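Only one structure is covered here, and it is reproduced in the block below.
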2 protein chains.
Amino acid sequence: MSLPKPGQPVRGSKSGQPIMALLDLLGRSWAMGIVWHLYNGPSTFRQLQAYCESISPTTLNKRLKELRESHLLERTVEGYALTKEGKELYELIEPLGSWARHSWAKKFKS
Amino acid sequence: MSLPKPGQPVRGSKSGQPIMALLDLLGRSWAMGIVWHLYNGPSTFRQLQAYCESISPTTLNKRLKELRESHLLERTVEGYALTKEGKELYELIEPLGSWARHSWAKKFKS
DNA sequence: CATACTCGCTACTTTTTATGTAGCAAAGCT
DNA sequence: AGCTTTGCTACATAAAAAGTAGCGAGTATG
């Protein structure tokens, strides 16, 4: 799987519109979960592995590479951490959390 | 792949927190693209297939089933359409579009 | 009535992704 | 020197997605 970049054809869009590249990137397994988790603070590779209970090191490493190349996270002395863009992204997807709890989950209670 | 439901263990979380179930669901290939597209109005199966240029009918059908069972879309006389919840969800992820264009894409121009 | 569409979908094979497990090299204790 | 932790790679297996063909139902057209 190649890195989706805005402006280039990606999985799902020959036009490479930024939103499609972003959806391709975030649509890969664990990508959003990693961003979600790192908002709490930097984590090491092994901490991320423990957090994402069933991720394999192979996949984790691939996702980390992709997210780094996409400028959403970086390595620091404390481990992997969100960049400015990564934090912005988190703040955009954050409302999903409360919506999922308060509106969406209720539809499954029947 | 089984349908992720809030309150049950899902890919990535034994707790089944709604947000994790949602991320699992949306993280599957094309799921967000389908929601994104349907906000413009209902589409038939073949229209969706044409829109998602490289999706296979097998995968499209699976995604549609999952999204229907998750109450995000439904079948109408005009084809597949977003439910009230689906529209709410779209409106939550919609800001990603302008962020991707205006902030994120710029990081790749170097 | 026949034939020729379109539509929603299934069957099947191939390719791509992800998982599961083992373990290595580098760095930091002790 | 020995023992751990850390970040990661290698390899085999399993799961998911793509690619292609085509069926049965419905509708339109001659």
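Order of the sequence lines fixes the chain letters, A, B, ..., with proteins taken first and strands second; residue numbering starts at 1 for each chain. Since the model is a prediction, treat every value here as computed from it, not as a measurement.
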*asked:* Is the phosphate of D:dT9 approached by A:Asn61 (side-chain N or O, under 4.0 Å from OP1 or OP2)?
replied: yes
*Within less than 4.0 Å of OP1 or OP2 of D:dT6, is there a side-chain N or O belonging to A:Tyr80?*
no
*Take A:Leu60 and A:Cys52, measure what side-chain contact (heavy atoms from CB on, under 4.5 Å) needs, and give me the verdict at the end.*
CA-CA 9 Å; A:Leu60 176 56; A:Cys52 304; 5.5 Å; no
Output the rounded distance in Å from [atom1] ([X]) to [atom2] ([N]).
X	N	atom1	atom2	result
B:Leu64	D:dA17	CG	C1'	15 Å
B:Asp24	D:dA16	CG	P	10 Å
A:Phe45	D:dT4	CZ	C1'	18 Å

*Which nucleotides of nucleotides 18-30 of chain C have their base under 4.0 Å from a protein heavy atom (B), which only their sugar-phosphate (S), and which neither (-), written as one string 5' to 3'?*
SBBBB--------
*Can you find a heavy atom in the side chain of A:Tyr51 that is under 4.5 Å from one in the side chain of A:Ile34?*
no
*With distance as the sole test, does A:Lys107 use its side chain to make a donor-acceptor pair with the main-chain N or O of A:Ser103 at under 3.5 Å?*
no
*Within the distance-only criterion (no hydrogens, no angle test), does the side chain of A:Thr76 pair as donor or acceptor with the backbone N or O of A:Glu78 below 3.5 angstrom?*
yes
*Can you check salt bridge (charged side-chain N to carboxylate O under 4.0 Å, His left out) on A:Glu66 and A:Lys62, steps first, answer last?*
CA-CA 6 Å; A:Glu66 291 165 2; A:Lys62 256 194 253 174; over 6 Å; no
*Using the salt bridge (charged side-chain N to carboxylate O under 4.0 Å, His left out) rule, take B:Glu88 and B:Lys84 through it: C-alpha gap first, then chi angles, then the decisive distance, then the call.*
CA-CA 6 Å; B:Glu88 287 173 7; B:Lys84 177 170 152 289; 3.4 Å; yes
